[in-house]
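Written below as structure tokens is the structure these notes are about.
The figures here come from the full heavy-atom set of this structure, side chains too, leaving out hydrogens, waters and symmetry mates.
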Amino acid sequence: MRRKLIAGNWKMHGTQEFIREYVDALMPNHITLTENRDVVVIPPFPYLSYLNSLFEQTNLSIGAQNVSSELAGAFTGEVSAEMLKDAGCDYVLVGHSERRTLFNESNELVAKKLLVAKSAGLTPILCVGETLEQRVQGITEATISNQIQAVIELGGDTALEDTMLAYEPVWAIGTGQTATPEQAQNVHEFIRNRLEGLSKSLSERIIMLYGGSVKASNAAELMSMPDIDGALVGGASLKAEDFIQICETTG
Ligand code: PGA
């Protein structure tokens, strides 16, 4: 039985005041929230340590939105995996579609980031997904397969051990247009079958989130699908009440 995980990706939003209010709203629920599932909040870099200090004495976790593919050195503006671990992160997103499309991150770079994150003891959440154009062309599976293959090529057959996946159709991110539970399930099932070729045990164990316009009103239905183990929530994670509701309707 895979444990559910709900992740809230704040993207480039938040202030210290916002965080104080958010955490105040989460606190009364923090025990029940993390009883049956893992909950991770993913703020921008400058707020990681602060959020981590506010989450002390809770089972709530923090994660980062990005990580350098380099270990350390003269890379102005970059943040290393070791620094993220040191700041209290357990998780890090790699290959979010906004990084892939707006910052030209290639499958190969994403693969490098995943391996560096793992080596620092972080759990990478590898984001994969197709654009609307790719879906219309009928190359959803090929696109996702290539995104996964790049990681296996660089890291070998065990590269995806101790990682998580997030299927995020690009056309569903921030658009209000969620994939139907069946559409999401089909892709999750495809990925699990694809991983079975590497390791049956890995394909059964790996936690796979769905992301793309998840809200309180659609979370339960999505999470009820057999191969969907949680959610990567963007916009709706910015309202503590909505995020709590999404967590509570899950698992
Ligand atoms: P959204 O974002 O929930 O606002 O669609 C999801 C994501 O980008 O991870």
If only side-chain N and O atoms count, and only distance matters, is there a donor-acceptor pair under 3.5 Å linking [Y] with [X]?
{"X": "Thr250", "Y": "Arg37", "answer": "no"}
{"X": "Glu35", "Y": "Asn59", "answer": "no"}
{"X": "Glu130", "Y": "Tyr167", "answer": "yes"}
{"X": "Trp171", "Y": "Glu133", "answer": "no"}
{"X": "Arg205", "Y": "Ser201", "answer": "yes"}

>> Can you list everything that forms a salt bridge (Lys or Arg N to Asp or Glu O under 4.0 Å) with Glu105? Sequence neighbours excluded, please.
In response: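 Here the qualifying residues are Arg99, Lys113.
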Contact between [X] and [Y] at the side-chain level, heavy atoms closer than 4.5 Å - yes or no?
{"X": "Leu33", "Y": "Glu248", "result": "yes"}
{"X": "Leu60", "Y": "Leu26", "result": "yes"}
{"X": "Gln16", "Y": "Ile19", "result": "no"}
{"X": "Thr123", "Y": "Thr163", "result": "no"}
{"X": "Pro43", "Y": "Leu48", "result": "yes"}
{"X": "Arg20", "Y": "Tyr50", "result": "yes"}
{"X": "Met164", "Y": "Leu5", "result": "yes"}
{"X": "Lys239", "Y": "Gln245", "result": "no"}

Using a strict 4.0 Å threshold on nitrogen-to-oxygen distance, state whether [X] and [Y] make a salt bridge.
{"X": "Arg194", "Y": "Glu141", "value": "no"}
{"X": "Glu204", "Y": "Lys200", "value": "yes"}
{"X": "Lys4", "Y": "Asp229", "value": "no"}

> ring-ring contact (aromatic ring centres under 6.0 Å, His included) with Tyr22: which residues, sequence neighbours excluded?
Replying inline: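 Checked Tyr22 against ring-ring contact (aromatic ring centres under 6.0 Å, His included); matches are Trp10, Phe18.
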>> For Asn107 and Gln149: C-alpha separation, side-chain torsions, deciding distance, then whether side chain to side chain donor-acceptor pair (under 3.5 Å) applies.
In response: CA-CA 9 Å; Asn107 286 347; Gln149 186 57 30; over 6 Å; no
>> To the nearest 0.5 Å, what is the distance between CE on Met225 and CD on Gln183?
In response: 10.5 Å
> Given Thr158 and Glu161, is the side chain to side chain donor-acceptor pair (under 3.5 Å) satisfied, shown in steps?
Replying inline: CA-CA 5 Å; Thr158 58; Glu161 290 287 347; over 6 Å; no
>> For Tyr210 and His188, take the angle between the two ring planes, folded into 0 to 90°, and tell me which bin it lands in: parallel under 30, tilted 30 to 60, perpendicular over 60.
In response: tilted
> Between Thr34, Asn29, Thr58, which is the residue that forms a side chain to side chain contact (heavy atoms under 4.5 Å, CB included) with Val39?
Replying inline: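 One option only clears the test, and that one is Thr34.
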> Shortest non-hydrogen contact from Asn218 to Ser213?
Replying inline: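 Result for this residue pair: ND2-O, 3.0 Å.
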